[in-house]
Trainee: 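Have a look at the structure that comes next, please.
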Amino acid sequence: MNALANGVGDIVRFENVGMRYRLGAEVLHDVSFSLPAGSFHFLTGPSGAGKSSLMRLMYLAHRPSRGSISMFGRDVSTVPRTELAALRRRIGVVFQDFRLIDHLSALDNVALPLRVAGAKEGQIRNHVAELLKWVGLESQIDDKPTTLSGGEQQRVAIARAVIARPQILLADEPTGNVDDDIAIRLMYLLEELNKIGTTVVVATHNESLIERFKHPCFHVEDGLLSGPGVGVRNDRDPGGDQ
Amino acid sequence: MNALANGVGDIVRFENVGMRYRLGAEVLHDVSFSLPAGSFHFLTGPSGAGKSSLMRLMYLAHRPSRGSISMFGRDVSTVPRTELAALRRRIGVVFQDFRLIDHLSALDNVALPLRVAGAKEGQIRNHVAELLKWVGLESQIDDKPTTLSGGEQQRVAIARAVIARPQILLADEPTGNVDDDIAIRLMYLLEELNKIGTTVVVATHNESLIERFKHPCFHVEDGLLSGPGVGVRNDRDPGGDQ
Amino acid sequence: MIGQVRDVPLSGDPASRYLPWTVGLLVFLATLAFAAGMFLASAGDTWRQDLSGTLTVQIPVSDKADRLEQVNAVAELLRTTPGVVFVRPIPDAEIAVLLEPWLGKQVLELELPMPDLIDVSVARAADIDIAALSARLAQVAPGTVVDDHAIWLRRLTEFTLIAETISFAVMIVILISAVATVVFTTRTGLAIHSDVVEVLHLIGAQDSYVARQFQNHTLRLASAGAAVGFLLGAGIIWLAHVYGGKLSGGLLPELALGPGQWALLAALPVAAVLLVVLTVGITVKRVLGKMM
Amino acid sequence: MIGQVRDVPLSGDPASRYLPWTVGLLVFLATLAFAAGMFLASAGDTWRQDLSGTLTVQIPVSDKADRLEQVNAVAELLRTTPGVVFVRPIPDAEIAVLLEPWLGKQVLELELPMPDLIDVSVARAADIDIAALSARLAQVAPGTVVDDHAIWLRRLTEFTLIAETISFAVMIVILISAVATVVFTTRTGLAIHSDVVEVLHLIGAQDSYVARQFQNHTLRLASAGAAVGFLLGAGIIWLAHVYGGKLSGGLLPELALGPGQWALLAALPVAAVLLVVLTVGITVKRVLGKMM
Ligand SMILES: Nc1ncnc2c1ncn2[C@@H]1O[C@H](COP(=O)(O)OP(=O)(O)OP(=O)(O)O)[C@@H](O)[C@H]1O
Ligand SMILES: Nc1ncnc2c1ncn2[C@@H]1O[C@H](COP(=O)(O)OP(=O)(O)OP(=O)(O)O)[C@@H](O)[C@H]1O
Ligand SMILES: [Mg+2]
Ligand SMILES: [Mg+2]
């Protein structure tokens, strides 16, 4: 993993990034940090601090109002629109509000990233079913999200984020609706992904998780980021624990 | 408070209630319990056990497939449709998925129960603004839910549930998206409501909250309810700690 | 208080933006179709009156011998009838031409026995009793029929009738599709906002509270659309009235509607809007009725 | 693989259920309007041919003295013209009746100097050169004009022209509202499913992937609607052809369209569907273009 874990191999690199929604005030100021390939970070901070906003920048849903963002070594502002789609396929996201597609079964929701990427239909079903079993939903494979409980939906969202083996996984409050047992089980899933090379960022309020899984922790407060390697450029991130 | 805390004064009374969605399998079996006026209960259980379903029965969104439910001493199955609306106005609900109205500001969302009940417009604004300040959203009063963070939305949802001083408050995972400080603050709000007479039920996975606020706890697992006074009819609920 | 803040955010919907246009277009088309129908009905009458200035008297086929006598006798009788301005027996060759549409081109080559026809012009003022005239003529030549210029009259009558029927049919189809559009718009609105409707319902709003939100909204949009559509339609009718007559050089009857017809026409957009609001109320309540 | 599972749940939308009906109705109306336009164009021609079997020769107002001579000379010349079947000078009273539509009822009371008119019937087969005839007649009586039954001809021509114009205009309006409906339906679909579209977008779907979902879906619905609408329209045209002729007793020209006209008509639903699919593609891509 560490072959890439130097300045050039950073999967995410923010430099003096500011962000605002429409014409509102800036919700993130002067954010500079980088994530080496294969690292695992938590992202904490009070409600409304800007964790989800930071995630949004990373999963290419929003442009920064200033500063520069590179993903996979490419400056996002110069990537043409058609290639953005390809970049997005290398990013897995667990949205804070799940964003499942209501009319598709759990299976089809999870299969979506594979289909969008043009995977062979024959390979999809078994692969997806296995992952759904892993998150404890083997009996709900064909259920629609509207007929699932809150925690079940959250697990489908996690499965969808990881199914295509993304190079970076961004999970926004992925365990807010499940009990601690399941939360720990889900964290193990993320750690396993991380072991095979995926860079992981988990935004969470759950302090017991942070304590239990001792990964380096970024903290956002009042739109300012603090944490390992923040503001330091082209240095090795001391936090990647792989 | 205890004036009503006897069998007849039960605000909620389930007798052998079963529940299924459409033609699916039963998700709740033989649920019998009662909530005395002024009580405060937690509701726990693994993800998918049936907590939200039980709530749904209590806030009159779903009919039981068998058994009988009384709310405020009235058998729900015999209440005519037009009066159901009046009953619902006596129930405050924090939905697990918030269900805020996207095009209305935080203020208008919270004001909704007052408006629906026909309150005077003049009284609404101050009252609502004060409550929003209490939950830490004084600067977001005029923001739309889509521009609020997850935790901010959750607090708006809680404010909406309590604004009309409901006789019973049903909160489904009301602290899943906020940090522990805010969670505790929100729990104090619910306790204060409880002190002035509101019956409260909080479904949650957050074990530190349950430990901290020592209220009696119902547990759902595999569609079966266990806990204080469950299955006991016309007895005083030993759990009401007010 | 209700209605100050609108709980259902209908105004941003595509369906909402579409509704006034649709209602406008449909009312516009319906207005034109209705006016065309009414105009064709009057025009048909006018033309019929024009034509009724001429008559054709038809004497059935008979032996060569007394044929000329009979024709002359009938013509004489006609000439003495008050109100008749001119009488002319039509020669066989001309009759053959007239018969062509029914019998085909070969009529000229065939040596068919032909009926005798007499062309009669009648003073406009004269009010000739066709039945009495027929009876008198039949005494002179049995089987004689008085035809009030049937060919053109029937051709025009049929034509205007068909055009009239089509116009009214188009109007009906348009009104039906207006209702369909409204039902659809409302259902779309409910589908887009089913979450809001459900929240309002669970918060304790009465069905009528929710329905009113949709109805107020639709009333506004549909009224605007219907008014514009009607005014445009009326404008075109007025233009046709003012310029149509001049352009056709007086050949077409005046394109004018009477006050009663205008009143009927003006009732159209009002009826459309009422229909719309009623439809919305029913649709919303039916959807809500499915919730507990 | 794409398309087996449809990511955008369009089929449940009210908009989707509405689309085939709208497209069907609009294609149905457009088919009828288009056919009516084409039919009126042919009918106008047929009637014009019918009427061209008669001519009216008009000799300008002149002094009482040589008037009769002139009329007789012209009539004589006409009688000797090949193809002319019948010649009849029209008496003043009758002319007054004919002039009434232009000059009003008082024409009968006024002692106006009247032009002389001669009614001429022409054999259908004969192909008379009106210009040459005019020239020859003008030598006998200067100012003489040969009129190929102008009144009816112009009346009919104007009438069919107006009806034709209205028919085609209605067709155009209908096609425009078809496009508007489709744009609207697509935008509604996108509004209802904006969340799905956004998720697909964020998951890394290309714009064309999303657009295709909407296009496939709309293609299916619009085709079904257009086919049914066209078949219904064609059915009515066919019924009008078979029964219309019988009912009008041969007075109306045959309600038939030529193969070329049928081909044009059949192109209508195809064009409508293509328009629809194109519109959907453009609309979807424009909405997606607003996302990063
Ligand atoms: N779409 C938006 N438009 C405008 N403002 C927004 C939008 N989304 C979030 N905000 C604002 O930006 C700030 C940061 O929001 P963000 O969602 O990033 O917080 P967060 O750290 O994820 O909080 P939480 O823990 O509650 O989810 C908040 O004050 C919020 O009101
Ligand atoms: N609308 C629905 N239609 C059909 N089945 C449903 C529906 N909602 C929930 N279920 C099923 O009912 C069971 C109980 O769901 P419920 O939402 O009550 O669980 P829960 O205890 O609230 O779980 P969580 O803690 O994850 O929110 C689950 O297995 C779920 O799949
Ligand atoms: Mg967030
Ligand atoms: Mg739940």
Side-chain angles (χ1 to χ4, degrees), chain A residues 55-64 69 76-77 79-95 97-105 107-125 128 144-146 157 160-161 163-164 166-167 170, chain D residues 1-20 185-221 280-292:
Chain A
M55 292 279 198
R56 219 165 271 168
L57 290 173
M58 287 194 272
Y59 57 73
L60 307 180
H62 211 280
R63 291 192 184 277
I69 297 177
V76 167
S77 63
V79 176
R81 186 177 166 78
T82 45
E83 283 179 42
L84 279 179
L87 284 192
R88 286 196 187 96
R89 274 181 237 136
R90 298 160 74 181
I91 306 170
V93 188
V94 183
F95 301 98
D97 49 359
F98 314 158
R99 303 214 191 174
L100 300 176
I101 299 186
D102 278 348
H103 84 293
L104 294 181
S105 65
L107 184 115
D108 287 325
N109 263 290
V110 175
L112 215 49
L114 300 177
R115 292 220 169 87
V116 163
K120 296 249 167 19
E121 202 62 27
Q123 303 166 355
I124 290 180
R125 195 180 160 96
V128 170
K144 302 277 160 76
T146 44
R160 183 180 66 186
I163 188 76
Q167 284 177 265
L170 306 168
Chain D
M1 300 134 278
I2 290 160
Q4 284 196 326
V5 173
R6 268 170 280 124
D7 306 336
V8 185
L10 295 160
S11 29
D13 294 357
S16 293
R17 271 178 273 134
Y18 177 72
L19 187 68
T185 311
T186 310
R187 295 193 142 269
T188 308
L190 283 170
I192 300 183
H193 305 298
S194 57
D195 47 346
V196 177
V197 170
E198 203 186 336
V199 169
L200 288 177
H201 179 71
L202 290 178
I203 275 177
Q206 298 281 4
D207 293 356
S208 53
Y209 179 96
V210 182
R212 226 178 308 130
Q213 302 242 350
F214 281 85
Q215 277 178 317
N216 286 343
H217 176 73
T218 318
L219 177 62
R220 232 183 355 261
L221 293 180
V280 167
I282 293 171
T283 311
V284 173
K285 289 205 176 155
R286 210 164 51 200
V287 169
L288 280 169
K290 285 183 191 139
M291 297 180 188
M292 175 181 170

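Throughout, protein chains are lettered first and strands after them, A, B, ... in sequence-line order, and every chain is numbered starting at 1.
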Trainee: Verify side-chain contact (heavy atoms from CB on, under 4.5 Å) between Met292(D) and Arg56(A), making sure each step is shown before the conclusion.
Mentor: CA-CA 11 Å; Met292(D) 175 181 170; Arg56(A) 219 165 271 168; over 6 Å; no

Trainee: So what's closer than 4.5 Å to chain D heavy atoms on Arg90(A): side chain, backbone, both or neither?
Mentor: neither

Trainee: Of all heavy-atom pairs between Leu202(D) and Leu60(A), which one has the smallest distance, and what is that distance?
Mentor: CD2-O, 4.3 Å

Trainee: Quick one: of Ala61(A), Ala111(A), Ala164(A), who has the most non-hydrogen atom pairs under 4.5 Å with chain D?
Mentor: Ala61(A)

Trainee: Which atoms form the tightest heavy-atom contact between Ala205(D) and Ala85(A), and what is the distance?
Mentor: O-CB, 4.1 Å

Trainee: Quick one: salt bridge (Lys or Arg N to Asp or Glu O under 4.0 Å) pairs with a partner in residues 199-211 of chain D, sequence neighbours left out?
Mentor: Arg81(A)-Asp207(D)

Trainee: How would you list, by chain and number, every residue that makes a salt bridge (charged side-chain N to carboxylate O under 4.0 Å, His left out) with Arg99(A), sequence neighbours excluded?
Mentor: Asp97(A), Glu198(D)

Trainee: Grab the two heavy atoms, one from Gln206(D) and one from Thr82(A), that are nearest each other, plus how far apart they are.
Mentor: NE2-O, 3.4 Å

Trainee: Quick check on Val76(A) against chain D: is it the side chain, the backbone, both or neither that has a heavy atom closer than 4.5 Å?
Mentor: side chain

Trainee: Let me know if Leu84(A) has heavy atoms under 4.5 Å from chain D in its side chain, its backbone, both or neither.
Mentor: side chain

